[in-house]
Novice: 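Take this structure, written in structure tokens, and hold onto it; I'll ask about it next.
None of the values given here were measured: they were computed from a predicted structure. As a basis for the values below, the full set of heavy atoms in this structure was taken, side chains included, without hydrogen atoms, waters or symmetry mates. Residue numbers begin at 1 in each chain, while the letters A, B, ... track the order of the sequences.
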Protein chains: 2
Amino acid sequence: MITISQLAAYAGVTVRAVRHYHHVGLMPEPARDGSGYRTYGAGDVVRLIRIRTLAEAGVPLGRVQALLDATPAVFSDAVAQIDAELRTRIRELKEHRRRIARLADGDSLALPPEVVGYLDRLRASGVSQAMVEGERDGWILMAARWPERIPELMADKTAQLDDPRTVLLYRLLDELVEVGLDEERLGAVADLLAEMAQQSAERGDLDRQNEELSDDAFIGLMDSYAFEAHPVVKRLQELLAERGWTGWSRIRRAPGPGQRA
Amino acid sequence: MITISQLAAYAGVTVRAVRHYHHVGLMPEPARDGSGYRTYGAGDVVRLIRIRTLAEAGVPLGRVQALLDATPAVFSDAVAQIDAELRTRIRELKEHRRRIARLADGDSLALPPEVVGYLDRLRASGVSQAMVEGERDGWILMAARWPERIPELMADKTAQLDDPRTVLLYRLLDELVEVGLDEERLGAVADLLAEMAQQSAERGDLDRQNEELSDDAFIGLMDSYAFEAHPVVKRLQELLAERGWTGWSRIRRAPGPGQRA
DNA sequence: CTTGACCTTGACGCTGCGTCAACCCCGCAC
DNA sequence: GTGCGGGGTTGACGCAGCGTCAAGGTCAAG
């Protein structure tokens with residue numbers, strides 16, 4: 001008769017593990033001696049070693065029981081099944097590695113490559129880091145809501161960068177954010193925005209894009225984000241309204257005044 | 001302002017996950033509305049999406065926080081570290097697959113291949129399944145206690161199988177177990193055992209083997225296992241004692257009677 | 001007023017033990 | 001006898017990342 005620590009030592013496991021196996025019913029609770037100590041025999045050592053062997057091979061404890069007294073056929077079936085599970089788990093982890101590798105670049109957190117390229121061009125154009133991050137967040141939201149439309153939208157956006165006025169616009173916005181509410185500059189920016197919106201509308205781009213962005217609540221959410229980030233956005237939107245445009249994240253022609261009232 | 005379920009939906013996670021992130025401090029608890037509901041904004045959606053992206057790439061939640069606002073250098077260091085951990089985990093799982101593959105054969109649970117071969121030969125010689133399992137368990141114990149000595153011991157054991165008397169011995173034992181205590185057969189088996197022990201001793205095999213089996217408590221344990229399994233073993237040991245041999249799992253020449261008393 | 005869909009907190013479950021905590025028991029040196 | 005060190009005992013929390021009730025308050029709609 002041996003004690004639990006000797007049993008554990010012979011089998012190459014910890015005492016705690018043995019008690020755990022008792023707890024989950026993998027090993028029966030043995031008889032106790034006069035002072036309450038568990039007493040084991042050689043049979044327990046054998047059983048424990050067999051359990052350990054299976055456990056170390058990645059067999060879940062819940063299945064060890066069944067495997068210990070399985071016929072060879074059942075046994076190899078079960079083993080095949082467990083092996084399949086291990087393969088699945090390995091595949092998952094490899095997938096994790098792949099994804100993590102793609103995160104090496106900072107911006108690509110949650111962003112498709114088209115957007116990353118766009119943001120890089122923005123940065124290269126001298127737009128401030130804060131502004132780029134604002135754009136990034138906006139596109140994170142867009143990509144989450146309409147992932148399949150990102151390529152199309154980004155194609156338009158990237159094309160717009162070829163227009164020097166686009167870069168100018170961002171620079172002016174940067175300045176505005178820096179100096180605060182300056183009515184003169186605000187007016188100039190609003191004019192530029194209206195002009196570009198007008199052209200975009202004439203080309204038909206605006207309608208084509210907006211048609212797909214059909215989730216008012218979500219657009220409202222994005223607008224509120226912009227408002228919170230920079231108070232100037234609110235003022236700009238008001239000025240745009242005066243010029244016949246409504247919205248921010250999704251700009252549209254405003255319904256004519258007096259149309260309904 | 002959106003509710004928790006809308007937030008979760010936009011970010012592609014479950015409501016429960018969001019609450020969990022609050023709980024572990026990954027997302028700050030937001031303001032509540034009049035009836036205690038959590039209210040979120042677009043910034044929360046962005047943050048949550050970034051968290052999800054990292055989590056889905058296998059980044060432990062405990063490190064997400066640090067990664068979210070890390071500089072690119074720190075970020076890529078951390079990513080490299082996490083990738084290394086993933087690799088380690090994958091290696092472990094592959095090791096599990098290797099071990100599990102080797103368990104395909106029933107007996108090899110916890111047994112080195114030499115022993116498996118020996119047991120196969122035993123079975124092929126017509127020894128009963130119960131007897132083979134008894135041997136198997138004995139060798140599981142041996143392999144656990146003296147793994148490095150298994151090859152040597154098994155070489156001797158396997159060689160003994162070439163002696164027809166060895167097989168005869170097992171068969172006689174099988175019969176004994178089957179019919180119970182039969183004094184005549186017991187005597188014959190004891191004689192055979194003594195004879196073979198004698199020859200083994202003369203060849204020097206016995207001393208060589210026993211020299212290494214220097215753990216009286218363990219040998220006692222194995223003996224007790226044999227006794228429990230088959231009462232005949234106890235009788236046989238007594239008969240062997242009459243013939244000048246002591247022990248069972250490890251047989252030795254008995255100290256001469258009257259040597260000490 | 002009643003649904004039904006959401007919201008809230010609280011708590012257990014899963015996996016396989018590691019790691020205290022608080023308390024007995026045993027043999028041995030003093 | 002007594003103290004000490006090295007056993008043993010049960011009980012319970014911790015870890016990772018939520019899933020899944022449970023029990024009840026809220027809200028918009030019919």
Novice: For B:Arg16 and for A:Gln6, locate the closest nucleotide of DNA chain D by heavy-atom distance; then report the residue assigned to the nucleotide nearer the 5' terminus.
Specialist: A:Gln6
Novice: Counting only N and O atoms by type, is there a donor-acceptor contact under 3.5 Å from the side chain of B:Asp137 to the main-chain atoms of B:Gly134?
Specialist: no
Novice: Grab the CZ-P distance between A:Arg63 and C:dG16 for me, whole Å please.
Specialist: 10 Å
Novice: Counting only non-hydrogen atoms, which of residues 32-45 of chain A are less than 4.0 Å from DNA chain D?
Specialist: A:Arg32, A:Gly36, A:Tyr37, A:Arg38
Novice: Rounding to a whole Å, what distance do you find between B:His22:NE2 and C:dC7:C1'?
Specialist: 13 Å
Novice: Counting only side-chain nitrogens and oxygens, does A:Thr3 get under 4.0 Å of the OP1 or OP2 atom of D:dG7?
Specialist: no
Novice: So, applying side-chain contact (heavy atoms from CB on, under 4.5 Å) with B:Phe218, which one of B:Asp223, B:Leu213, B:Leu141 is it?
Specialist: B:Leu141
Novice: Applying salt bridge (Lys or Arg N to Asp or Glu O under 4.0 Å), run through B:Arg123 and B:Asp120 and close with a yes or a no.
Specialist: CA-CA 5 Å; B:Arg123 236 189 312 262; B:Asp120 284 344; 3.0 Å; yes
Novice: How many Å lie between CE on B:Met1 and P on C:dC6, as a whole number?
Specialist: 21 Å
Novice: Nearest heavy-atom pair of A:Pro30 and A:Tyr40: which atoms, and what distance?
Specialist: CG-CE2, 3.5 Å
Novice: Between atom CD1 in B:Ile51 and atom P in D:dG17, what is the gap in whole Å?
Specialist: 12 Å
Novice: If only side-chain N and O atoms of B:Thr14 are considered, is one of them under 4.0 Å from the OP1 or OP2 phosphate oxygen of D:dC18?
Specialist: no
Novice: What is the distance, to the nearest angstrom, from the CD1 atom on A:Ile2 to the P atom on C:dC26?
Specialist: 19 Å
Novice: Write down the distance between CD1 (A:Ile4) and C1' (D:dT9), rounded to a whole number of angstrom.
Specialist: 10 Å
Novice: It should be established whether B:Arg19 places a side-chain nitrogen or oxygen under 4.0 Å from OP1 or OP2 of nucleotide C:dT8.
Specialist: yes
Novice: Separation of B:Glu85 atom CD from D:dA16 atom C1', in whole Å?
Specialist: 13 Å
Novice: Tell me if a side-chain donor or acceptor on B:Arg149 pairs with a main-chain N or O of B:Glu212 at a distance below 3.5 Å.
Specialist: yes
Novice: If you assign each of B:Ser5 and A:Tyr21 to its closest nucleotide in DNA chain C, which residue comes earlier from the 5' end?
Specialist: B:Ser5
Novice: When the distance from NE2 of A:His20 to P of D:dG11 is rounded to whole Å, what number comes out?
Specialist: 16 Å
Novice: Do A:Leu103 and B:Leu67 have side chains that approach each other closer than 4.5 Å (heavy atoms only, starting at C-beta)?
Specialist: no
Novice: Quick one: closest heavy-atom pair of A:Ala57 and A:Leu86, and the distance?
Specialist: O-CD1, 4.3 Å
